[in-house]
Number of protein chains: 2
Amino acid sequence: MSTASLGLLAFIAARGYEQRLHEELRRAGFTATVAQFRLAARIDEGGSRLSDLARAAQVTKQTAGFLVDQLERNGYVERHPDPSDARARLIRLAPRGLAAQQAARAAEERLDAEWADHLGPGAVAALRTALERLRPLVDPYDAPD
Amino acid sequence: MSTASLGLLAFIAARGYEQRLHEELRRAGFTATVAQFRLAARIDEGGSRLSDLARAAQVTKQTAGFLVDQLERNGYVERHPDPSDARARLIRLAPRGLAAQQAARAAEERLDAEWADHLGPGAVAALRTALERLRPLVDPYDAPD
DNA sequence: CTAGATAGTCAGCTACTCTGACGATCATGT
DNA sequence: ACATGATCGTCAGAGTAGCTGACTATCTAG
């Protein structure tokens, strides 16, 4: 009843947020799937290796490769050889990917502001603090934005 | 960097929680997929209709039916005719499903306690309050546990 | 008793994710 | 120099999860 687990509550919040974000990006003309965006969000400015991306997003290399294929086909990312390692290739955001990233950041700001409006400044700060402190506990690897 | 969106933070927390829960259930001998458990968690004590389950879990009737098929095959749920409507069938937890539900509740209590330990009593209360207040905003339908 | 809504299912498709195996390359120790 | 083992990415094959569309049976309202 009033005793939903913290996990379920976090899941519901995260799902709602992600759906809204995906919808806003779709309306802005950036048609990619949630899984694709999730992976793309981990791409470093200077380019990322597939294996690192896979680790960060917690999927296998194969899955990451599959998603990068789609993103590449749709013009969001490019693959370049890695000068420091002939086995590896650097995945970088293409211009369209950068535009999508900007749109995503703007949408996230709007959504965060909406949550802040709903909760009030103190409660939203407490929420952020709690979630940030949980992060290393639940996901020791996860690199920041 | 330190400015991850609230959505990403909630996603990371929810994913970590769900993975831990799934792992504990698996170890206890309850082998079902995350999607199956997500749906099963919505089954009402007196039985639920497929359509209601689908709405609650935010999937289509077809997807819900697919998942219930798996759950039924593995002995977690049973389908009974609905006395009040010949079109409908009531989906109820079978004994094994009830056992899994108990195990899940115990695991959730442990995980919640772990988060509370990590955050402290005040912060975890603030987290719960914030997430509960967000719930109607992001997901107007969602029925409680 | 007809018209429309609802419950569930069937068929077909797409997306995501995994395991296992593999060739190429790098790093290290001898 | 070179053998050994690890790592990078890929290919092949599979299973799960989710969708749309179409359909039958049944219920509900006029």
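Order of the sequence lines fixes the chain letters, A, B, ..., with proteins taken first and strands second; residue numbering starts at 1 for each chain.
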Could you state the atom-to-atom distance from [atom1] of [X] to [atom2] of [N] in whole Å?
X	N	atom1	atom2	answer
A:E18	C:dC16	CD	C1'	14 Å
A:L50	C:dA24	CG	P	19 Å
B:D82	C:dA7	CG	P	10 Å
B:H80	C:dG8	NE2	P	15 Å
A:L71	C:dC16	CG	C1'	13 Å
B:H22	C:dC18	NE2	P	13 Å

**Item:** Criterion side-chain contact (heavy atoms from CB on, under 4.5 Å) against B:L6, the qualifying member of A:E114, A:R128, A:E108
**Value:**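 Option passing the side-chain contact (heavy atoms from CB on, under 4.5 Å) with B:L6: A:R128.
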Looking only at heavy atoms, which two atoms of [X] and [Y] are closest? And how far apart?
X	Y	answer
B:R96	B:G75	CB-O, 3.3 Å
B:I12	A:V138	O-CG2, 3.7 Å
B:A107	B:L21	CB-CD1, 3.6 Å

**Prompt:** Among B:R89, B:R49, B:R87, whose salt bridge (Lys or Arg N to Asp or Glu O under 4.0 Å) with B:D82 holds?
**Reply:** B:R49
**Asked** Aromatic rings A:F37 and A:Y76: how do their planes relate, parallel, tilted or perpendicular, breaks at 30° and 60°?
**Response** perpendicular
Distance test, side-chain N/O of [X] to OP1/OP2 of [N], below 4.0 Å:
X	N	result
A:R49	C:dT25	no
B:S51	C:dT6	no
A:R89	D:dT7	no

Strictly under 3.5 Å: I want the nitrogen or oxygen pairs between protein and nucleotides 28-30 of chain D, one per line.
none

**Message:** Take a 6.0 Å sphere around CD of A:Q102 and say whether it holds more than 12 heavy atoms from other residues, nucleotides or ligands.
**Reply:**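 No, not enclosed.
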**Prompt:** For the atom pair CG (B:L50) and CG (B:L39), what is the distance rounded to the nearest 0.5 Å?
**Reply:** 8.0 Å
**A:R92 bridged to A:E45 by N-O distance under 4.0 Å** =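 No salt bridge links A:R92 with A:E45.
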Identify each atom pair where a protein N or O and an N or O of nucleotides 16-20 of chain D are less than 3.5 Å apart, giving names and distance.
{"from": "D:dA17", "atom 1": "OP1", "to": "B:T33", "atom 2": "OG1", "distance (Å)": "2.2"}
{"from": "D:dC19", "atom 1": "OP2", "to": "B:T60", "atom 2": "N", "distance (Å)": "2.7"}
{"from": "D:dC19", "atom 1": "OP2", "to": "B:T60", "atom 2": "OG1", "distance (Å)": "2.9"}
{"from": "D:dC19", "atom 1": "OP2", "to": "B:T63", "atom 2": "OG1", "distance (Å)": "3.0"}
{"from": "D:dT20", "atom 1": "O4", "to": "B:Q62", "atom 2": "NE2", "distance (Å)": "3.3"}

